[in-house]
Amino acid sequence: MYPIVKKIIHSPAVKEFEVYAPMVAEKAKAGQFFILRVSEKAERIPLTIADYNREQGTITTIIQELGASSTLFGQMEEGDHILDFVGPLGVPSEIERYDHPVVLVGGGIGIAPIFPIARDLKEAGNEVISIIGARNKELLIWEEKMASVSDQLIVCTDDGSYGRQGFVTDALKDLYEERGQLSALWAIGPMPMMRAITNVTRPWELKTIVSMNPLMMDGTGMCGACRVQVGSETKFACVDGPEFDGHLVDFDLAIKRLSIYKDQEKRALAVLEHKGGHCGCQ
Amino acid sequence: MPCQAPQERVSNFNEVALGYTEEQAIIEAKRCLQCKKPKCRDGCPVEVLIPEFIQAVADGDMATAAKQLKLKNALPAVCGRVCPQESQCESKCIVGIKSEPVAIGRLERFVADWEMAKEEAEEAKVADLDTVDGDQESESSATASPKKQKVAIIGAGPAGLSCAADLARFGYDVTVFEALHVAGGVLMYGIPEFRLPKAIVEKEIDSLRKLGVNLQVNMVGGKTFTVEDLQQKGYEAVFIGTGAGLPNFMGIPGENLCGVFAANEFLTRTNLMKGYDFPNFLTPVISGRKVAVLGAGNVAMDAARTALRLGAEEVSIVYRRSEKEMPARAEEIEHAHEEGVQFKVLTNPVEIVGDEQGWVKGMNCLRYELGEPDESGRRRPVPVEGSEFFMEVDSVIVAIGQGPNPLVTQSTAGLALNRKGTIQADEEGRTSLPGVFAGGDIVTGAATVILAMGAGKKSARAIDQYLQSKQS
Ligand SMILES: Cc1cc2nc3c(=O)[nH]c(=O)nc-3n(C[C@H](O)[C@H](O)[C@H](O)COP(=O)(O)OP(=O)(O)OC[C@H]3O[C@@H](n4cnc5c(N)ncnc54)[C@H](O)[C@@H]3O)c2cc1C
Ligand SMILES: Cc1cc2nc3c(=O)[nH]c(=O)nc-3n(C[C@H](O)[C@H](O)[C@H](O)COP(=O)(O)OP(=O)(O)OC[C@H]3O[C@@H](n4cnc5c(N)ncnc54)[C@H](O)[C@@H]3O)c2cc1C
Ligand code: SF4
Ligand code: SF4
Ligand code: FES
Ligand SMILES: [Mg+2]
């Protein structure tokens, strides 16, 4: 069992957890993820390692409540125990020293997993420019943490309630106008955002790495649920990724594959809310 | 053997074969001729004392029968159910020349179930006494002698578990590291409940715990730890039994469409995650209405029969050879027929076709003829020119075999591998690295439960020898 040592509520559906999982913390690297199962009947869900503390043996993650299993996790409190917690999984980010600035783009809760990558790139001696965005001010997370590992931080909100108004893609275009020479870019966020970023950087021939979040189950290469089409090849995101060359990923297919269990997921959430009495029928 | 009626069982996940009654078992056991040189034993990879245990059954002495069985086979309740007996022990039985061979597998199952039922009854009695006497530590575990060296087992499938059991009996301090949240390997995530009830596997794993084996789940070799880490932590020998869990695909267009699943995904959602009890259990599984299962091994039969139970209207096995060449156990093919699975043989897809939403709507297929035998001795399927046709399906389950899981092999420097990524090991499981042993599907490629168990046992002996010689 894996105790929750800290919980922070960022907004009604976005929660930060620090979980005691020393075996995972010992090996965790930027770009990796873990899988948890909160209780006997819950799904195994993959979540990114947003931070780790090897001394204290903890892993930090930020979760957005979407359906039944993420909501069950979000409802847990400090001191509660998670039944299963396995990792670190996936291939760590490739960190090297580049000649020109590197850009990190985080959208929504994608800001959390971009943080440890930015930190490692900064430590490797790179000039780090970060662009983070959210729908509005309330949904913006980890601005200070990102500022602490970035040479320049650009903040955007869709509605202009904070920072510059607009999408991260607009900020990126402006940055490119100003700076021109960029070495590499990482983008993490919802799939449509990552697709939009790759469409912007393709004509620039800028190395663009995205972190794919397909359906997963075991996370060890056994089930094939996490297949993504990368160029002419089929890759298993859990063992070959989750990071891939964004210019080669078939995002249209990846987005469709996310909806395979849509109807069942709705039913599961309805049952959960019913049990919790939120539907008001009891 | 008595079975649930086909029309009834396709709507539940309960075990299909119901097992012998004691009378039936004794009658069957008396058919055995008690051969002086029992041919049946040569057909069993672990050389079960077949005439001996069958004699005890014929005498009605089930306790002795169970003892005889367990001398060679740690998981008789499992093997009695899933061994391909028709190509192993029963294929060699003398009685089989003129009539039906002695039903060795079914007798094995009967004896194992009899013993489990007896143990359960005894445990219930002990539990009753406990509540009267208050808490008394069990004698056996408290007086265990100090353990020998530490040995690590990676992977809790049949190979790892049987290796662990024997090493624990030899007195070693054994820890099993398993990637999933439960032990059992394919027995838990792959083979369905209706063929191998999970309660049986759990019981076998419990008895392993009672032997003092330390089972650690959620531990991924190559990720959470490496073989080198284990050696540094004082494990003096390591056994790798990580299986063949990497699903193959055909490499045809459309294989990543929504509605195309690897059999492993489909079966794991159903079995391990209990998707058949959705939404009580939260992991969804969908079978589709018209399902094509590609392949004709045990995995394909399991997937097809599972799809029926999840409510599919039409399920077809699509196989490019004929029924004669199908690698599945005879009983599974027969059960699949009875339950209404259709067999589209001499057929293979060349493309999976999707609709605008990215969902499967059918497959373009070719018909085949059998030509000359190939290197496997089976007649080679040859496509018939101009035979292309469209088969309407809304779900495709790919069950065309599995490769070795690469997480451990790729993270272990100096471990020699074969061309297909399996580990190079000798008959006793010795690898190219001293102190590192391997067995089961990770060495042989996808094979059988009993072979994996046999490999685990042989490695246990080799590890014992290795550690003894290391000490002296
Ligand atoms: C490598 C990786 C890292 C991730 N990191 C984070 C993270 O740091 N924070 C975060 O909030 N989310 C993260 N996700 C997504 C998260 O796993 C899903 O949101 C979660 O599993 C949804 O489960 P649910 O039952 O609550 O929702 P459901 O109602 O089941 O699904 C809602 C939607 O979430 C997606 N989803 C469902 N099941 C899975 C699954 N098993 N794996 C992936 N996506 C799924 C689908 O698009 C689905 O339509 C990550 C996913 C991956 C693959
Ligand atoms: C659906 C299906 C039906 C089958 N039916 C039959 C049948 O009827 N009869 C028969 O004889 N055989 C059958 N087989 C084959 C049989 O199950 C296998 O040959 C046998 O299980 C192999 O045993 P193993 O111990 O080598 O590997 P597995 O059973 O595959 O176990 C390997 C274990 O290692 C774990 N593991 C993998 N990687 C790691 C890692 N990196 N770190 C830690 N743990 C890891 C896995 O999670 C798993 O628990 C079937 C197989 C399948 C898939
Ligand atoms: S273990 Fe399998 S092959 Fe051996 S006797 Fe039993 S059923 Fe037959
Ligand atoms: S070969 Fe058949 S008849 Fe002879 S001992 Fe074995 S089971 Fe009995
Ligand atoms: S999650 Fe199962 S293979 Fe990747
Ligand atoms: Mg879900």
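Keep in mind that what you see is a predicted model, and the values were worked out from it rather than measured. We name chains A, B, ... by the order of the sequence lines, and we start the count at 1 in each one. Side chains included, hydrogens not; waters and symmetry mates left out as well; all remaining heavy atoms used.
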If I measure from the heavy atoms of chain B, does A:M23 come under 4.5 Å with its side chain, its backbone, both, or neither? both
Where B:P279 and A:V271 come nearest, the two heavy atoms and their spacing: CG-CG2, 3.8 Å
Calculate, to the nearest 0.5 Å, the distance between atoms NE2 and CG belonging to B:H181 and A:L83 respectively. 8.0 Å
With chain A, which of B:Q357, B:E255, B:R269 has the greatest number of heavy-atom pairs at distances under 4.5 Å? B:R269
Of all heavy-atom pairs between B:P284 and A:Q264, which one has the smallest distance, and what is that distance? CB-CB, 3.5 Å
Counting heavy-atom pairs under 4.5 Å to chain B, which of A:G221, A:G224, A:S259 comes out on top? A:G221
Atom pair SG/CZ of A:C223 and B:F266 - distance to nearest 0.5 Å: 13.5 Å
Could you tell me the separation between the CG atom of B:L180 and the CG atom of A:D84, rounded to the nearest 0.5 Å? 10.0 Å
Around atom CZ of A:R202, are there more than 12 heavy atoms from other residues, nucleotides or ligands closer than 6.0 Å? yes
Nearest-0.5 Å distance, CD of residue A:E43 to CG of residue B:L282: 6.0 Å
Walk me through whether B:F278 and A:R267 qualify under side-chain contact (heavy atoms from CB on, under 4.5 Å). CA-CA 9 Å; B:F278 179 87; A:R267 251 180 85 202; 4.1 Å; yes
Contact class of A:R44 relative to chain B, heavy atoms under 4.5 angstrom: both
By a 4.5 Å heavy-atom criterion (distance strictly below it), what part of A:I260 contacts chain B: side chain, backbone, both, or neither? both
Looking only at B:A262, B:G275, B:G243, B:C258, most heavy-atom pairs under 4.5 Å shared with chain A are made by B:C258
Near A:E94 CD, under 6.0 Å, is it more than 12 heavy atoms from other residues, nucleotides or ligands? no
Heavy-atom pairs under 4.5 Å with chain A: which of B:L246, B:V398, B:L272 has the most? B:L246
Where on A:F34 is there a heavy atom nearer than 4.5 Å to chain B: the side chain, the backbone, both, or neither? neither
What one should report as the nearest heavy-atom pair of A:E40 and B:F281 is O-CE2, 3.8 Å
For A:K29, I'd like to know if atom NZ has over 12 heavy atoms of other residues, nucleotides or ligands within 6.0 Å. no
Please report the interatomic distance CD1(B:I286) to CG(A:D263), rounded to the nearest 0.5 Å. 8.0 Å
Run the side-chain contact (heavy atoms from CB on, under 4.5 Å) test on B:F225 and A:E26 for me, step by step, so that the C-alpha distance in whole Å, both residues' side-chain angles and the decisive distance to 0.1 Å come before the verdict. CA-CA 9 Å; B:F225 65 92; A:E26 194 183 316; over 6 Å; no
Answer whether the closest heavy-atom distance between the side chains of A:K256 and B:E356 falls below 4.5 Å. no
Tell me whether the count of non-hydrogen atoms from other residues, nucleotides or ligands lying under 6.0 Å of CD in A:E96 goes above 12. yes
Verify side-chain hydrogen bond (donor to acceptor under 3.5 Å, both in side chains) between A:D218 and B:T268, making sure each step is shown before the conclusion. CA-CA 9 Å; A:D218 59 301; B:T268 305; over 6 Å; no
Kindly compute the distance separating CZ (A:R227) from CZ (B:F249), expressed to the nearest 0.5 Å. 3.5 Å
Looking only at B:N218, B:V220, B:N264, most heavy-atom pairs under 4.5 Å shared with chain A are made by B:N218
Is it the backbone or the side chain of B:V285 that comes under 4.5 Å from a heavy atom of chain A, or both, or neither? backbone
Applying side-chain contact (heavy atoms from CB on, under 4.5 Å), run through B:D277 and A:K41 and close with a yes or a no. CA-CA 10 Å; B:D277 194 9; A:K41 293 183 176 175; 6.0 Å; no
Is a side-chain donor or acceptor of B:N256 paired with a backbone partner of A:V228 at a separation under 3.5 angstrom? no
So which atom in A:T220 and which in B:L407 form the shortest heavy-atom distance, rounded to 0.1 Å? O-CD1, 3.8 Å
A:K27 vs B:K223, test: side-chain contact (heavy atoms from CB on, under 4.5 Å). Steps then yes/no. CA-CA 8 Å; A:K27 293 271 168 152; B:K223 290 289 169 190; over 6 Å; no
So what's closer than 4.5 Å to chain B heavy atoms on A:I35: side chain, backbone, both or neither? neither
